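Here the structure is a predicted model, which means the values were calculated and not measured. Indexing begins at 1, ligand by ligand and atom by atom, following the structure's order.
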Amino acid sequence: MRTALVYHEEMTAARLLWDDPECEIERPERLTAAVERLQQGGLEQRCLRLAAREASEAELGLVHSPEYVSLVRGTQALSTEELQALSGQYDAVYFHPSTFHCARLAAGAALQLVDAVLTGTAHNGLALVRPPGHHSQRAAANGFCVFNNVAIAARHAQQRHDVRRILIVDWDIHHGQGIQYIFEDDPSVLYFSWHRYEHGRFWPSLRESDADAVGLGPGRGFTVNLPWNQVGMGNADYMAAFLHVLLPVAFEVTAWGPGMGWWEEHGGGVLCLESTPPPRWSRTEPCGWGALSGGASFTPVPGSLSPVPTWPCLQFDPELVLISAGFDSAIGDPEGQMQATPECFAHLTRLLQVLAGGRLCAVLEGGYHLESLSQSVCMVVKALLGDPAPPLSGPMVPRHSALESIQSVRAAQAPHWTSLGQQEKRPSPVSPGGPKCQAAEAQPSAVLSSLLDQLSATPPVRTAVALTAPAAVPVLPPDVLRQEGSAPQEETQAWARLHEALTQDTAFAALGKVLRLLNGILEGQVSSGIATTPAAAPTLEVALRQGLSHGAQRVFCVALGQLDRPPDLADDGRTLWLNIRGKEAAARSTFHMSVPLPGTTGGFLSCILALVLPLAYGFQPDLVLLALGPAHGLQDPQAALLAALLRGPAGGRVLVLVGQGSARHLVGVLARVLHGEPPPSLGPFSMASPDDLQALAHLRGQLEAPWEMLRVAAPSGVP
Ligand code: X5A
Ligand code: ZN
C-alpha cells in the first residue's frame with residue numbers, strides 16, 4: 001500500500017493577529033503537532049512524502065467566483081486593522097497576510113493528493129492542511145475556511161481524471177454546509193456529513209443541516225445529513241452510523257449517475273436519457289422485489305419511456321472517496337465534546353477502504369485538541385498504510401439519541417435508497433430525550449495516554465499463508481509469509497485425538513500448520529493468516545479451542561457452509577458462533593446463531609453490514625476465525641469483502657480456514673485483502689431479495705436486545 005502524505009510547512013504561517021476567542025483554536029501548532037507525531041511514530045517515513053503546491057486561480061475557480069478569489073488575493077496587502085475589518089464580514093473567519101498563500105497550498109495539497117491517487121502514484125493518502133475548507137462557499141469564507149479544498153478536489157477529479165461518481169465523507173464534527181451547497185443538486189457527488197446539531201442550537205445552526213435535507217432536484221438523496229442531537233457520541237455511535245447509514249448508501253450510490261443510465265420521471269414512466277447500462281432503480285419509488293421480476297431483461301433505449309421499476313442490478317464501485325477529515329469529532333475536542341477515541345478513525349478508514357478500489361483521499365479539516373488530533377491522524381495513516389487497527393475501547397452500545405438520529409436519517413433517505421427502504425415499523429419513543437444510563441464519560445487525558453503505546457505495537461508479520469498442497473501455490477503479494485513449519489508433533493497429536501478425521505495424513509499435516517499459524521497470531525508475531533485444510537470442521541473446532549485456551553478472551557467464529565458448532569462447546573459467552581449457510585435464520589442462544597446464505601449479492605452485503613459487523617463490533621473479540629467449509633457458496637469477491645471487513649473488530653487478528661475444494665485462486669484473493677489490499681469489485685449485483693431481508697429482520701428482532709449494535713432505531717417506549 002503506497003500512502004501519500006501531502007504537506008507544506010508554509011501552511012503554518014497564517015495565524016490570528018488579534019483577540020478572538022472563537023477563532024483562536026485554529027492555530028499553526030495543529031499541523032506541527034500532527035506531523036511531529038507522525039514522525040515519532042515512524043509513520044511519516046513509511047509514506048510517500050509530497051510537498052504541497054499552490055492551486056492555480058483557475059483551479060480555485062472550479063468552485064469559487066472570480067470576485068471572491070480576487071478579494072482573498074487582495075488580503076495579502078492589507079494592514080492588520082483592514083484584515084480584522086474584512087474578517088468581521090464573515091462568520092468565524094480570520095485573515096492573515098499569508099492566508100491567500102496558505103489557502104492556495106491547502107487546496108493545492110488536496111489536488112496533489114487526488115492526482116497521486118488517480119494516476120496510480122499512490123493508492124491512498126492524507127493531506128495535512130490549513131486553513132480547512134468544508135465551510136467555505138462559492139463567494140464566502142466561513143468557519144475558519146477560505147477555499148473549499150475537498151470540493152475543489154472533487155471537481156478536479158471529475159474534470160481532469162474522468163472520474164464521475166465521488167463519495168465525500170465528512171466526519172468533521174461541524175456540518176460542511178459549504179460542500180453541501182456546492183453539490184446539493186448534483187447526483188455525481190454524494191455528500192455524507194454527521195455533525196453536532198443539538199436540534200439546531202449548535203453552530204452553524206442551519207435548518208439545512210438536519211436529516212430531512214436530502215439534496216435538490218436530480219441531487220435528491222445525494223446529500224445525507226446525520227445530525228447528532230446530544231454531545232458525548234462515541235465509538236459505538238460512529239460505527240453504527242457507518243454500518244447502518246453511510247455504507248448501505250455508499251454501496252448503492254454507484255448504482256447510477258451520469259453515464260450510467262440517466263432517468264427522469266414523466267407521468268407514469270421514466271425517460272431514459274442516456275443508455276449506458278445498467279440503469280438504476282426509480283429514484284422516487286424504490287420498488288419491491290416482486291415488481292422487478294419482469295424487469296430484468298429490459299434494455300434501455302435513449303429517449304424511450306419505460307415503466308417504473310426498471311432493473312434489479314446495481315453496479316458496485318464508486319470511483320473515488322474523499323474524506324473531509326476533521327478530528328474535532330474525537331475525544332477531548334473543545335468544539336465537538338464527543339467521546340470517540342483515536343482508534344475509531346482507523347476503523348472508519350478501514351470501512352471506507354473497501355469502496356472505490358481503495359482510492360481514498362483524506363484531507364484535514366478541523367481538530368483542535370492537539371493530542372487527540374495527532375493521535376487520530378496517526379490512526380488514519382496507519383489504516384491507510386494497511387496496519388491492523390487497534391480494537392475499539394469502551395462499551396459498544398449506541399446511545400439512545402444516536403439511534404434516534406440514525407432512525408430519522410434512514411427514514412428521510414428511504415425514498416431515495418433501496419437499501420434503506422425497509423423501515424422498521426415501530427412507534428417513536430414517547431419523549432424525545434431521556435437516554436438510558438450510559439457508561440461513565442471517559443477522561444480524555446487517560447484515554448489518550450494509554451493509547452500511545454498501541455501506536456507502535458504491530459506484529460512483525462502482517463500476513464502468513466499455510467498451505468496443505470504445495471503444488472497449489474496461489475499468486476501472493478511479495479511480503480506475505482509462506483509458512484512451512486508446523487507446531488510440535490506432540491501438540492498436534494494431542495489435538496488430533498479430538499477427531500478421527502484429523503489423524504489422516506494430510507489433515508494431520510494441515511492441523512500442525514494451522515496450530516503453528518494460530519500460535520503466531522496469539523503470540524503477536526503474525527497479524528493474520530490463511531490455512532487450507534481437508535478437514536475444515538474439526539480443524540475449526542481445534543483452532544477455536546486452542547484460541548480460547550491460549551490467551552483469547554473472546555473468539556468470533558464465522559462459519560460458512562456445512563460447519564456446525566461443536567455441540568459440547570460451552571455457551572459461556574466466550575465464543576460467538578455465526579453460521580452462514582443454507583438453513584433458516586435462527587438464534588439458538590445469544591452466542592449461537594445462523595442465517596441462510598443470501599441469494600443475492602445485495603443480500604450478502606446487507607448481511608455483512610446489518611448483521612456480521614454489528615455483532616463483531618458488539619462482541620469485541622480478540623480473535624476472529626473465518627471458515628469457508630464445504631458448499632460455502634461464496635464468490636471470490638464476496639469472500640474477499642467479508643475477510644477485509646473482518647480485519648476490523650479484533651485488532652486485525654484473523655485466521656481464515658479454507659476447506660479443500662475451494663479454488664487456490666481464492667487463497668490468493670484472501671491473502672491480498674488480509675494484507676491490506678482493497679477487495680475486488682463485486683461487479684453489477686442484485687439488491688437483497690425479500691427472503692434475504694426477511695431473514696435479517698427476523699434475527700435483528702431476536703437479537704437486538706443483547707446486541708445493541710444491531711439496532712437501526714431507538715427502542716420504543718420510555719427509554
Ligand atoms: C473547520 C472547522 C469550525 C468553525 C467553528 C466556529 N470549523 N465556531 O472545524
Ligand atoms: Zn469542524
Side-chain angles (χ1 to χ4, degrees), residues 11 14-16 18-31 33-34 63 87-96 99 102-103 106-107 109-110 126-137 140-153 168-182 191-198 200-206 209 225-228 231 233 238 322-340 342 344-345 348 362-370 372-374 376-377 380:
M11 282 184 283
R15 60 193 169 85
L16 181 64
W18 50 87
D19 210 42
D20 180 346
E22 190 177 12
C23 289
E24 71 190 7
I25 56 175
E26 203 294 286
R27 28 194 204 110
E29 291 76 21
R30 297 178 55 232
L31 285 190
V63 161
S87 303
Q89 294 182 20
Y90 299 104
D91 186 5
V93 169
Y94 68 87
F95 286 102
H96 177 276
T99 289
C102 291
L126 170 71
L128 287 175
V129 305
R130 42 188 299 277
H134 70 152
H135 298 300
S136 119
Q137 297 149 39
N142 181 279
F144 316 154
C145 301
V146 177
F147 297 133
N148 202 312
N149 310 316
V150 165
I152 293 168
I168 299 179
V169 178
D170 188 342
W171 72 42
D172 185 281
I173 206 57
H174 300 94
H175 181 214
Q177 85 279 36
I179 301 183
Q180 176 168 313
Y181 298 153
I182 290 159
Y191 176 62
F192 170 90
S193 173
W194 64 35
H195 32 271
R196 179 174 170 188
Y197 190 56
E198 297 176 297
R201 290 189 299 277
F202 189 70
W203 189 91
S205 297
L206 300 169
S209 307
N225 281 330
L226 173 46
W228 299 123
V231 297
M233 297 303 162
Y238 286 5
L322 301 176
I323 306 176
S324 263
F327 297 98
D328 39 16
S329 43
I331 189 166
D333 193 279
E335 280 287 309
Q337 304 284 327
M338 297 299 178
Q339 292 271 312
C344 189
F345 294 92
L348 300 178
V363 181
L364 182 66
E365 299 279 2
Y368 307 101
H369 184 295
L370 297 186
S372 181
L373 165 70
S374 312
S376 301
V377 164
V380 169

| note | Here the atoms of ligand 1 under 4.0 Å from any heavy atom belonging to P132 are 1 (C)
| message | So if I count the atoms of ligand 1 from 1 in the order they appear, which ones are less than 4.0 Å from some heavy atom of H134? | response | 1 (C)
| Any sub-3.5 Å donor-acceptor pair from Y197's side-chain atoms to L206's backbone N or O? | yes
| query | Which word best sums up how the rings of W194 and W228 line up, parallel for under 30°, tilted for 30 to 60°, or perpendicular for over 60°? | reply | tilted
| Atoms in ligand 1 flagged as close to A92, the criterion being non-hydrogen separation under 4.0 Å | 6 (C)
| remark: Separation between CZ (R30) and CE (M11), nearest 0.5 Å, reads 11.5 Å
| task | Quick one: pull up CD in Q337 and CD1 in I331 and give me the separation to the nearest 0.5 Å. | result | 11.0 Å
| message | What protein heavy atom lies closest to atom 1 (C) of ligand 1? Include the residue and the distance to one decimal. | response | Y368 OH, 3.4 Å
| said: Using the Zn ion (ligand 2) as the vertex, how large is the angle between OD2 of D172 and OD2 of D328, rounded to 10 degrees? | reply: 90°
| Matching residue for R196 among D172, D328, V231 - test: side-chain contact (heavy atoms from CB on, under 4.5 Å) | V231
| For E335, atoms of ligand 1 separated by under 4.0 Å from a heavy atom | 5 (C)
| message | Quick test of your reading of the structure: of S136, G143, P21, whose heavy atom lies closest to atom 7 (N) of ligand 1? | response | G143
| task | Mind checking the CG-CZ spacing from L373 to F345? Nearest 0.5 Å is all I need. | result | 10.0 Å
| task | For the Zn ion (ligand 2), find the closest N/O/S atom on H174 and give its atom name. | result | ND1
| said: Would W203 count as being in polar contact with ligand 1, using the rule that some N or O on each side must be under 3.5 angstrom apart? | reply: no
| What residue and heavy atom of the protein are closest to atom 8 (N) of ligand 1, and at what distance? | E22 OE2, 2.7 Å
| said: Can you name the atoms of ligand 1, numbered from 1 with element, that are less than 4.0 Å from a heavy atom of D172? | reply: 9 (O)
| Ignoring hydrogens and geometry, is there a side-chain-to-backbone donor-acceptor pair from S205 to G200 under 3.5 Å? | yes
| note | Rounding to 0.5 Å, atoms CD (Q180) and CD (Q137) come to a distance of 10.5 Å
| message | Residue-level breakdown please: for E26 versus ligand 1, do any non-hydrogen atoms fall below 4.0 Å on the side chain, on the backbone, on both, or on neither? | response | neither
| remark: The answer for which part of D328 has a heavy atom under 4.0 Å from ligand 1 is side chain
| Out of curiosity, Y191 OH to H175 NE2, how far, rounded to the nearest 0.5 Å? | 4.5 Å
